[in-house]
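Here's the structure we're looking at; comments come further down.
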Amino acid sequence: MDKPDNDRDDAMAVERTLSGEREAFAVLVRRYQGPVYRLMLRFSRDEHEACEMAQDAFVRAYERLASYDQRRRFFTWLYTLALNLARDRARRVAREPLYRQDLDMTLADPGRDPLASLEAARLLDALRDLSPKYAEALALRYIEDMPLDAVAETLGVSMSGAKMRVHRALHMLRELYGKEGKQ
Amino acid sequence: MNTERLTEPSKDELASGLRRLGAMDPGPDFAARVMGRIGTAAPLPAPKRRMARVIGWLMEPRTIRVSPLGSLAAAACLLLALGLFLKINPGAESGRTPAGLSPVTFVLAAPSAREVAVIGSFNGWKAAGWTMRNDPATGLWTLTTALPPGSHEYVFLVDGTTPVTDAAAALNVDDGFGSRNSVLLVKNGDGTAL
C-alpha cells in the first residue's frame with residue numbers, strides 16, 4: 001500500500017472513531033504500534049516500560065483525536081505526540097544505564113539468536129546515548145525504514161536537514177558503538 | 001581500513017543492525033490492552049478556536065453585582081472619560097464628519113473683537129450660523145466645520161462689519177471689489193487643508 005492510500009485509510013479510521021466507532025481506533029493502534037513502541041524503547045529502560053509508555057501515547061492520542069488536524073499526516077501527529085510524552089517522562093525520570101541482565105532480558109526471544117539479540121540491545125543502548133534530535137532521524141530512516149522525505153516531514157525539517165541529521169547520527173553512532181564494543 | 005573494521009562497524013553494518021531493530025514489536029495483544037484502557041470513553045471534544053472562545057465568553061450570560069457606591073464611582077469615571085474625550089476631540093461634540101466632507105477648523109486671533117463669523121463661498125457669504133467661538137483666555141476665535149474637497153474662498157467678519165483675511169492662509173486672492181479673500185484648499189479623505 002502506498003503512502004497516499006495509507007493516509008486515506010488513516011483519515012477514514014479517524015473519522016469513524018470520531019463518529020463513535022471505537023473499533024476503528026484499534027486499526028490505527030495496530031498500524032502504528034510498532035513505531036510508537038520502538039520510539040518508547042529509545043526513551044525507556046526496558047520493554048515493559050516502553051510498552052506502558054506506548055499505551056499511554058495511544059490513550060492520549062485517542063483522547064485528543066478531535067484536535068488532530070486532518071490536513072496533516074496522522075503518523076506525524078501521533079509521532080509528535082508520543083515524542084513529547086517520551087521527553088516529558090525522560091525529564092521526570094532520571095535515566096539509568098541498562099544493566100547487563102536487563103540487556104539479556106531485553107529482546108529475549110526464544111526464536112532469535114542470543115548473540116544477535118545482545119547485539120541489538122547494544123545498538124539500542126548506543127542509540128539512547130545520542131541526542132534525540134539525531135537518534136530520531138536515524139531511527140525513522142533505518143529502524144522504521146522511512147524515505148528521507150518522510151523523515152523530514154515527520155521531524156518538521158527540510159530534506160537537506162534530515163539528510164544531514166541522518167549522516168551525522170550514523171557517524172556518531174558508529175563512534176559510540178565502537179567504544180562500547182571495546183569495553 | 002582493516003584495523004578500523006575490527007573496532008568500529010561500517011556504516012552499512014550499522015544501518016543493517018538498525019533495520020533489524022525494526023522487527024521489535026510490543027506483542028499481539030498490545031492493541032487489545034490499549035482498547036481496554038480506553039474503555040467506552042469517547043474522545044474529548046476538539047478544543048475551541050480562540051475566536052470561538054472569545055465569542056463564547058461574550059455570549060455567556062453572567063451575573064454582575066453592583067453596589068450603589070460602585071455605580072456612582074463608575075458613573076464618575078464615565079463622565080470624566082467623556083469630558084477628556086471631548087476636550088481632546090473638540091469636533092466630536094458635533095458628531096462624526098459626514099461622508100465626503102473633511103473636517104476644517106478656522107482660527108482667528110482677535111482678542112478685542114466682540115463677535116466673529118466666517119463667511120465664504122461655502123455658505124453664500126452669509127454669517128448666520130457661522131459664528132465663531134471665543135476663548136477669552138487666549139483671545140482666539142475658532143469654528144470647526146466640515147467642507148467638501150476643493151478650493152474655498154473666505155474671510156472672517158469681525159463685529160458684523162469688518163472683513164479680515166486669514167493671516168494663516170497659504171493663499172489670498174483679489175475678490176474683484178478691491179479687497180482680498182483667503183483661499184482654503186481641502187484635500188480628499190484626510191481633511192488636510194492648506
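First the proteins, then the strands, lettered A, B, ... as listed; each starts at 1.
Rounding to the nearest 0.5 Å places CD1 of B:I38 at 8.5 Å from OG1 of A:T17. Distance check, rounded to the nearest 0.5 Å: OH of A:Y142 to CZ of B:R20 gives 14.0 Å. Rounded to the nearest 0.5 Å, atoms CG (B:L21) and CG (A:L123) are 5.0 Å apart. Here CG of B:D25 is found 8.0 Å from OH of A:Y37. Values are rounded to the nearest 0.5 Å. Taken to the nearest 0.5 Å, the CZ atom of A:F58 stands 11.0 Å off from the CE atom of B:M35.
Residues that satisfy the side-chain contact (heavy atoms from CB on, under 4.5 Å) test with A:R64, not counting sequence neighbours, are A:R60, A:S67, A:W77. The side-chain contact (heavy atoms from CB on, under 4.5 Å) test applied to A:A13 returns A:L28, not counting sequence neighbours.
Under a hydrophobic clustering in which Ile, Leu, Val, Met, Phe, Trp and Tyr are joined whenever their side-chain heavy atoms come within less than 4.5 Å, directly or via other members, B:V107 and B:L171 fall into different clusters.
Taking the side chain as every heavy atom from C-beta outward, B:R19 and A:I143 never approach each other to under 4.5 Å. Contact check for A:L138 versus B:L14: no side-chain heavy atoms found under the 4.5 Å cut-off. Proximity of B:P26 to A:R38: side-chain heavy atoms (C-beta onward) are nowhere separated by under 4.5 Å.
No part of A:E144 comes within reach of chain B, as not one of its non-hydrogen atoms sits under 4.5 angstrom from that chain. If you measure heavy-atom distances from A:R22 to chain B, the contacts under 4.5 Å come from both the backbone and the side chain.
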